[in-house]
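Down below is the structure, laid out as structure tokens.
Just so it is clear: chains get the letters A, B, ... in the order the sequence lines come, proteins before strands, and each one is counted from 1. Note that the coordinates shown come from a computational prediction; the quantities given were computed from them, not determined experimentally.
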Amino acid sequence: MTPAKLASTVLSAARAVFETRGLDVSALPATTAVERPRSPEHGDYASTLALQLGKKAGVPPRELAAALAEELGRQPGIKSVEIAGPGFLNIRLEAAAAGLLARDIVLAGTRFGHTDTLAGERINLEFVSANPTGPVHIGGVRWAAVGDALSRVLRAAGATVGTEYYFNDAGSQIDRFARSLYASAKGEPAPEDGYGGAYIAEIATAVVAEAPDVLKLGEPEALATFHRVGVELMFAEIKQSLTEFGVEFDTYFNEKDLHDRGELQEALDRLREQGHIFEADGATWLRTTEFGDDKDRVLRKSDGDWTYFAADCAYYLDKRKRGFDRVVIMLGADHHGYIGRMKAMSACFGDDPAQNLEILIGQLVNLVRDGEPMRMSKRAGTVITLEDFVDALGVDATRYALARYSSDSPIDIDIELWTSASRENPVYYVQYVAARTFNIALNAADSGVTRGVPGDFRAELLSGEHENDLLKALGEYPDTVARAAQLREPHHVARLLEKIAGAYHRFYDDPACRVTPKGDEPVTEGHRARLWLNDATRTVIANGLGLLGVSAPERM
RNA sequence: GCGCUCGUAGCUCAGCGGAUAGAGCAACGGACUUCUAAUCCGUCGGUCGCAGGUUCGAAUCCUGCCGGGCGCGCCA
């Protein structure tokens with residue numbers, strides 16, 4: 001029995017109690033959840049439903065709990081229900097009901113953990129979005145890991161997700177980039193406001209290789225070539241390093257297209273229709289203060305140019321027109337000042353900012369070596385890049401390290417720790433479970449231990465303490481994925497995997513939990529039942545690591 | 001000044017309004033003739049920044065204060 005099934009059993013029991021007693025059924029929530037109590041004395045699962053409903057129903061919680069306990073106790077698979085404290089229901093399952101989870105997981109395979117909690121939601125997820133003026137730097141790396149994991153988690157929860165990378169290959173940043181390339185190709189030092197770093201020389205050389213006559217051109221033509229080819233090469237490189245990192249986007253969206261298609265004007269017109277546009281000092285403004293922003297924002301400057309914010313408005317509108325009802329944007333902490341104007345802008349379009357626009361802020365990341373944050377990259381000079389990260393830790397450890405923390409806490413990633421092969425390195429701890437489960441399955445096959453057909457699975461044999469703990473941890477997986485999706489916090493998945501890993505390692509170390517017989521001992525039904533549990537663990541660990549974009553190795 | 005955000009064990013961090021707040025590290029002490037010891041077990045460790053409020057119940061929600069980080073342009 002999964003926690004989800006138990007929860008719905010609790011809810012229908014509550015409905016039955018309400019009906020028999022003639023209570024108002026509308027007081028019942030649409031869904032409820034059971035929780036895993038910390039203390040084993042409180043049963044396998046606990047429900048607080050009676051506490052929540054006592055007041056609404058006008059019945060003392062303990063009395064309601066008693067009625068619920070009686071009703072629940074009659075349900076199949078439930079061994080006992082106790083009332084504790086002010087009205088907690090402490091539920092114990094029959095060993096067989098708990099153990100069946102192992103079989104359910106194995107049979108569900110890669111689908112285990114998928115739910116329909118976000119079914120019908122169309123979510124646009126924008127992250128990284130670095131302009132092609134240099135390699136992806138450290139802030140983008142965090143979002144590459146977290147954003148990609150989130151997209152997978154959202155999909156597992158049943159949402160339709162479009163991932164998106166927004167960039168701009170025009171404007172002064174890119175001009176500086178082009179001028180830096182040009183200077184480098186001519187053997188001159190970088191312009192004062194230009195970009196430094198070894199990568200500029202590399203790209204400049206590559207541009208010259210692709211367009212050998214570029215230095216013979218006049219300056220405007222040469223700059224145009226460096227601009228065009230340089231952006232192309234830089235962007236190809238960004239995409240490649242992201243691909244190597246396991247991250248690909250459904251859409252790479254160029255801001256230029258918004259301009260070319262007249263979408264800024266369209267957005268402005270739309271906002272004007274909504275009555276939020278005004279003219280002042282020769283500029284065109286959006287009255288964002290009407291929806292809580294600090295100050296009104298200029299869309300079109302007095303010189304006739306559009307502002308960056310105007311493009312933001314057009315881009316938002318574009319996403320909405322493409323059918324996304326939730327626009328999620330992941331930004332670095334240095335951009336959190338944008339939240340107010342973005343939310344207000346959404347409201348100016350007539351949307352509900354609480355529903356249609358979510359802005360997630362990620363705090364800073366440091367890559368730490370010998371206790372000191374690394375500040376300089378070998379290649380980029382000024383900042384640490386995605387490649388630096390992967391060179392230092394490898395893809396798996398980088399992704400895991402970034403995805404296991406809440407995005408709103410600043411983190412230090414210690415190179416020594418994340419490359420160590422030990423308990424203190426969470427990614428090794430979890431991956432080691434994958435390797436152990438695989439190895440055990442091999443050994444089982446060698447010793448003639450097989451799962452057999454599902455109908456022969458003896459779930460009640462998985463009743464030891466370590467087997468129980470492992471089953472319960474595995475049972476939390478679907479809810480955890482759903483919650484991670486709901487909260488946009490993939491780190492919950494990583495934390496559960498670590499908990500499962502701990503439970504598995506304890507199971508493994510328990511001499512009573514052997515999957516293969518020792519020495520000449522005969523194969524028993526217990527070995528076979530534990531092989532189901534072993535394989536169920538492997539399934540969940542592999543699925544969970546998959547959501548984080550981390551491999552589940554067969555051997556370490 | 002205004003806004004956002006964080007404050008939980010010595011350190012790094014989990015923690016869905018629920019019961020006696022948890023992990024890892026560090027410190028100390030144990031377990032390999034054993035399916036991989038990259039593992040496991042034990043001990044030590046708390047004013048959940050402070051003060052109010054809401055609630056049957058608050059680390060969690062609200063308000064104020066203190067402390068850290070960040071942001072506040074007709075820049076991109």
_Using a 5.5 Å cut-off between ring centres and planes within 30 degrees, is His42(A) stacked on the base of A19(B)?_
yes
Considering only nitrogen or oxygen atoms on both sides, find all protein atoms under 3.5 Å from nucleotides 43-45 of chain B and state each distance.
none

*Is Arg506(A) near enough to C41(B) that one of its side-chain N or O atoms lies under 4.0 angstrom from OP1 or OP2?*
yes
*Does NZ or CZ of Arg436(A) lie under 6.0 Å from the centre of the six-membered ring of Tyr504(A), at an angle within 45° of the ring axis?*
no
*Which dot-bracket string fits RNA chain B when only Watson-Crick or G-U wobble pairs with both atom distances under 3.5 Å count, crossing pairs get [ ], and | stands for a partner on a different strand?*
(((((((..((((....[...)))).(((((.......))))).....(((((..]....))))))))))))....
*Look at the side chain of His505(A) and the base of C40(B), then say whether one donor and one acceptor between them are separated by less than 3.5 Å.*
no
*Would you please confirm or rule out a distance under 4.0 Å between OP1 or OP2 of C40(B) and any side-chain N or O of Tyr429(A)?*
yes
*Under the criteria of a ring-centre distance below 5.5 Å and an interplanar angle below 30°, is Phe88(A) stacked with the base of A19(B)?*
yes
_Donor-acceptor pair present, Thr307(A) side chain and C74(B) base, under 3.5 Å_ = no
*Counting only heavy atoms not in Glu525(A), do more than 12 sit closer than 6.0 Å to its CD atom?*
yes
*Pairwise distance OG1(Thr133(A)) to CZ(Arg176(A)) - rounded to 0.5 angstrom*: 8.5 Å
*With respect to the phosphate group of G3(B), does any side-chain polar atom (N or O) of Lys295(A) fall under 4.0 Å of OP1 or OP2?*
no
